[in-house]
Amino acid sequence: MTGKTLNTENVVTDSEFKSCDSVTTLRLEALEKALYCWEDALTAFSSSFSNGTLALPSAADAAFTQDVQELLDMGYQIQNHAELLFIDQHSVLFRNEDEESIDSHKPSNIGSRISGKDKADAASSPESFESARDGVADLREFEEFSEFFPHFEKQKLYHAALKQHEDKRILCRRLHTELVKCGSDIEYLAKVHCLRQAYTKLFTISSATEWIADIGRQVISDLIMYADRDPKDYLMHYERMLEFLQEPSNHSMMEEELTGRGVKCINFYDVLIDFILLDAFEEVEKPPSSIKAILQNRWISASFRETAIGTAVWSVLMGKRQMLKYDKGFLAHFYSISEQISPVLVWGFLGPEGSLRSTCHYFRDQVIEFLVDIFNFFKVRYTTVDNLAEDILREMKVRVENINQRLSLEGC
């Protein structure tokens, strides 16, 4: 009897796969324990020469700290890539043949997830030493892994930003490394530098500028209407803000105001996303005591509490307005807009369970997911300013469409 001979040399049985998966899990757990030990060792060693004195570490101390940090960085990379290759639900190991044929042309997700550990907190040595160490470690880390992940070699804009940070330092108001799932503060700063250039490019394109302005007008007014409020005052103040921004003579005043608030670059990312949106999301989670007292008072009706929230928000903003240097500056216009939006957001996030609350949380989730996407090498291209700007605009449109669909389904 004749027939084809099966080549079983490269066939992996189900039992062998399960055994391999189990061993991989155990090895990852061991690696995680090792990372914890190395973090503790680095923290303990660093604290020994940063106990409140002004003394800088010796050359030997600095070299040891740098070596341990580089070891940690490589460990995080190995951990992330191993999880994506062997454990993540999108791994090719968990796809059937049909799915593999469909997804064969899609880019890998390797590098899109991060362990969530804040490596900046691992060492507490002086700033000058840490910045130098971090910059060197980040560039060296790329050189080691680029051989295995050639996708990163194409990110020319990102590499230029790394060099910029190494030479002149890239500054930002706050670090959101963990929020956007970057692997290090250096990666976050470099990508922020790229995003600033991309947004600057977008605002040289009239169609993109008009679309962004329209979305700010439409989405927020829809959200206000969803909360059974009249968006008329919001729209009025929004138009006044646009007029203010379009007047070149106001830019120096705006820069002075925002620089005083810690904003390092007058850019769409730094002002609208970082200073306004992300701060707003944090503030509704930690409202002032006056607002918290109203929310916690169950002796008054929900409708009365909602009205009292609006009054309390107005009082807080009035106090801030009285401290402004310019009564017709950027912050004054911003507070006028906030008077219309903040009561809706505070009541939506912290008020009773219901459709408004779930919709406000959905709105925030879409903003955060958008940020995670634009900080992801596999979602947007950090190759050129034009490519990154194009991809950012595409991702913005996806999230806006999601929010519009949600408001439409909820009956807005």
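Values below: every heavy atom of this structure, side chains too, minus hydrogens, waters and symmetry copies.
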Quick one: pull up [atom1] in [X] and [atom2] in [Y] and give me the separation to the nearest 0.5 Å.
X: Gln366; Y: Ile403; atom1: CD; atom2: CD1; value: 5.5 Å
X: Leu242; Y: His333; atom1: CG; atom2: NE2; value: 10.0 Å
X: Lys191; Y: Tyr158; atom1: NZ; atom2: OH; value: 6.0 Å
X: Leu171; Y: Lys264; atom1: CG; atom2: NZ; value: 6.0 Å
X: Met318; Y: Met323; atom1: CE; atom2: CE; value: 14.0 Å
X: Lys397; Y: Asn404; atom1: NZ; atom2: CG; value: 13.0 Å

Is there side-chain contact between [X] and [Y], with heavy atoms separated by less than 4.5 Å?
X: His251; Y: Glu255; value: no
X: Leu179; Y: Val372; value: no
X: Val380; Y: Asp373; value: no
X: Thr209; Y: Leu202; value: no
X: Tyr326; Y: Leu331; value: no
X: Asn387; Y: Tyr382; value: no

Using modelled atom types only, decide if a donor and an acceptor are shared between the side chain of [X] and the backbone of [Y] within a distance under 3.5 Å.
X: Thr259; Y: Glu256; value: no
X: His165; Y: Ile170; value: yes
X: Tyr362; Y: Arg357; value: no
X: Arg229; Y: Ile224; value: no

Practice prompt. Establish, for the pair Arg399 and Phe370, whether the NZ or CZ atom is under 6.0 angstrom from the six-membered ring centre and no further than 45 degrees off its axis.
Written response: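 No - Arg399 does not lie over the ring of Phe370 by the 6.0 Å and 45° rule.
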
On a heavy-atom basis, which atom in [X] and which in [Y] lie closest, and how many Å separate them?
X: Val344; Y: Ala227; answer: CG1-CB, 3.8 Å
X: Gln218; Y: Ser221; answer: O-OG, 2.9 Å
X: Ala213; Y: Tyr238; answer: O-OH, 2.7 Å
X: Leu245; Y: Met254; answer: CD2-SD, 3.7 Å
X: Ala161; Y: Ala190; answer: CB-O, 3.3 Å
X: Gln155; Y: Thr383; answer: OE1-N, 4.0 Å

Worksheet entry | Reference residue Glu390; test side-chain contact (heavy atoms from CB on, under 4.5 Å); the match among Lys201, Arg381, Glu395 |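 It is Arg381, the one option of Lys201, Arg381, Glu395 that forms the side-chain contact (heavy atoms from CB on, under 4.5 Å) with Glu390.
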
Discussion item. Show, in sequence, the C-alpha distance, side-chain angles and deciding distance for Phe363 and Ile220, and conclude whether the side-chain contact (heavy atoms from CB on, under 4.5 Å) test is met.
Written reply: CA-CA 10 Å; Phe363 173 76; Ile220 301 301; 4.2 Å; yes

Worksheet item: When Asp167 is tested against each of Lys163, Arg169, Gln164 for side chain to side chain donor-acceptor pair (under 3.5 Å), which residue passes?
Response: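 Among Lys163, Arg169, Gln164, the one that satisfies the side chain to side chain donor-acceptor pair (under 3.5 Å) with Asp167 is Lys163.
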
Fill in: Stepwise side-chain contact (heavy atoms from CB on, under 4.5 Å) check, Leu324 with Arg321
CA-CA 5 Å; Leu324 294 178; Arg321 193 186 289 273; 4.2 Å; yes

Between [Y] and [X], is there a side-chain donor-acceptor contact under 3.5 Å, judged purely by atom types and distance?
X: Ser355; Y: Tyr226; answer: yes
X: Thr359; Y: Arg364; answer: no
X: Tyr234; Y: Glu339; answer: no

Discussion item. Apply side-chain contact (heavy atoms from CB on, under 4.5 Å) to residues Thr384 and Leu157 and explain how you reach the verdict.
Written reply: CA-CA 5 Å; Thr384 67; Leu157 187 65; 5.9 Å; no

Discussion item. Please enumerate all residues that pass side chain to side chain donor-acceptor pair (under 3.5 Å) together with Ser338, with sequence neighbours excluded.
Written reply: none

Practice prompt. Give the intermediate values and the outcome of side-chain contact (heavy atoms from CB on, under 4.5 Å) for residues Tyr335 and His237.
Written response: CA-CA 10 Å; Tyr335 290 152; His237 291 299; over 6 Å; no

Worksheet item: Which of parallel (below 30°), tilted (30 to 60°) and perpendicular (above 60°) describes Phe334 and Phe330?
Response: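 If you compare the ring of Phe334 with that of Phe330, the planes turn out parallel.
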
Determine all donor-acceptor pairs shorter than 3.5 Å in which one atom belongs to a side chain in residues 265-282; sequence neighbours excluded.
from, atom 1, to, atom 2, distance (Å)
Asn267, OD1, Tyr269, N, 3.0
Asn267, ND2, Arg196, O, 3.0
Asn267, ND2, Thr200, OG1, 3.2
Tyr269, OH, Tyr188, OH, 2.8
Asp270, OD1, Arg196, NE, 2.9
Asp270, OD2, Arg196, NE, 3.3
Asp270, OD2, Arg196, NH2, 2.7
Asp274, OD1, His176, NE2, 2.6
Asp274, OD2, Arg173, NE, 3.0
Asp274, OD2, Arg173, NH2, 3.4
Asp279, OD1, Arg173, NH2, 2.9
Asp279, OD1, Arg174, NH1, 3.1
Asp279, OD2, Arg173, NH1, 3.1
Asp279, OD2, Arg173, NH2, 3.2
Glu282, OE1, Arg174, NH1, 3.1
Glu282, OE1, Arg174, NH2, 3.2
Glu282, OE2, Arg174, NH1, 3.4
Glu282, OE2, Arg174, NH2, 2.9

Worksheet item: For Trp314, does the CH2 atom sit with more than 12 other heavy atoms under 6.0 Å from it, leaving out its own atoms?
Response: no

